Amino acid sequence: MNTIPPVDLVRQYKLISEEVDLAILNAVRSGRYIGGDTVSDFEQQFSQYVGVPYCVSCNSGSDALYLALRAFNIGLGDEVVTSPFTFIATAESISMTGATPVFVDIDRTTFNLNIDLLEKAITPRTKAIIPVHLFGQPVNMTQLMDIAQRHNLYVIEDCAQATGAKWEKKKVGSIGHIGCFSFFPTKNLGACGDGGAVTTNDPALADTIRTIKEHGSRQRYYHDLVGINSRLDTIQAAILQVKLRYLDLWNQQRRIAAQRYHKLLKSILEIQLPQELSGGYHVWNQYTILVKKKKEKTENFRNYLQKELQKQGVISMIYYPIPLHLQNVYQSLGYKVGAFPVTENAIYEVLSLPMFPDISFKEQQQVYYALKECLTT
Ligand SMILES: *Cc1c(COP(=O)(O)O)cnc(C)c1O
């Protein structure tokens, strides 16, 4: 029996190993390990890919979010609205500036923040909204931008899981005021280490972000702002230049794999399949199903299913087991159990199945048979 991992980065590497090896060697041989043309060329290529004039690279998606908030001068006393069903970095970046994260419950079919609930969370202190394009599914940015404009709020897109996704033909990261990307290895465009980028249409914002990420300095040893050190390494930029050329193909392969899952799994009534929102181009960083609860089982049925699948060689993941508003770190925000019922249900039901561009039909069939077996016995 083969084991099917949640992602297989070695398989991806093997397909492009010659190009990646050469890019790494060239970077090492150049002696230029920080910055240089390799980094600025990648920034230019990535901004073109996203469809904006400016891209500032940085060390991680987490830094990208922090830099974006700082660029708007968001800090103590300000509120930023986001989803409680995301990776911690989204909210943490808000807290790092001194501002307060304010959460809004999600929509059960998209796992993204429920736009109908957004306006109720806006107060005179709200400065920005961070929509998260979770699992590769774009948020309905038409509705979101409309609300943001009416309330005069900045929009920072968390595109970490959605590089290449589109809302109504526009790439995510080009629709809000700022887009934040992660090149963590398992993201759709992943480096061989950490990396991130900020995209924007606004030259002044790009300049501020570049200044903050370079120790608040526009001219070396002259510091105008309190900044940080956040760089995309030259070697990572060289690798990303190679991988960017494959990203559209890989996203198409993810979409094909998602279609195959839809067809294979639709007869299994105990699970709810993810759906692509009309108007969106989903890039399937995750294929996340909902496993409905079973009354007769005392143990959480999703947890049971995950263990059973593992016995059959199918490794699944739980994104995310604890919503942000109930994390220890955010107890001081005062949210109680029951604050966001859709999110609080989802955490017991979500299960992300193996998903990567070159997952084979046979492997997906094995996932199907394993699920079928576990659910009927
Ligand atoms: C991965 C991720 C981040 C953080 O990116 P890093 O590069 O790991 O810092 C932020 N938000 C979301 C939704 C993510 O999935």
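Counting convention: from 1, in listed order, for ligands and their atoms alike. From a predicted model like this one, the values you see are computed outputs, not experimental measurements. Just so you know, these numbers use all the heavy atoms, side chains as well, and skip hydrogens, waters and symmetry mates.
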Q) Do the side chain of Arg231 and the main chain of Ile34 share a donor and acceptor less than 3.5 angstrom apart? A)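 It does not hold such a pair.
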
Q. Is there a donor in the side chain of Glu43 and an acceptor in the side chain of Ser57, or the other way round, less than 3.5 Å apart?
A.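 Indeed, the side chains of Glu43 and Ser57 share at least one donor-acceptor pair under 3.5 Å.
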
Angle between ring planes, [X] versus [Y], binned at 30° and 60°: parallel, tilted or perpendicular?
| X | Y | result |
| --- | --- | --- |
| Trp284 | His262 | perpendicular |
| Phe103 | Tyr335 | tilted |
| Phe135 | Tyr319 | tilted |

Q) Looking at residues at least two apart in the chain, or sitting in another chain, which of them share a ring-ring contact (aromatic ring centres under 6.0 Å, His included) with Tyr154? A)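 Testing Tyr154 for ring-ring contact (aromatic ring centres under 6.0 Å, His included), a comparison that skips the adjacent residues, returns Phe72, His177.
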
Tabulation required: pairs of a nitrogen or oxygen in ligand 1 and a protein nitrogen or oxygen under 3.5 Å; columns are atom names and distance to 0.1 Å; otherwise 'none'.
unit_1, atom_1, unit_2, atom_2, d
ligand 1, 5 (O), Ser182, OG, 3.3
ligand 1, 7 (O), Gly61, N, 2.8
ligand 1, 7 (O), Ser182, OG, 2.6
ligand 1, 9 (O), Gly61, N, 3.4
ligand 1, 9 (O), Ser62, N, 2.8
ligand 1, 9 (O), Ser62, OG, 2.5
ligand 1, 11 (N), Asp158, OD1, 3.3
ligand 1, 11 (N), Asp158, OD2, 2.8
ligand 1, 15 (O), Gln161, NE2, 2.8
ligand 1, 15 (O), Lys187, NZ, 2.8

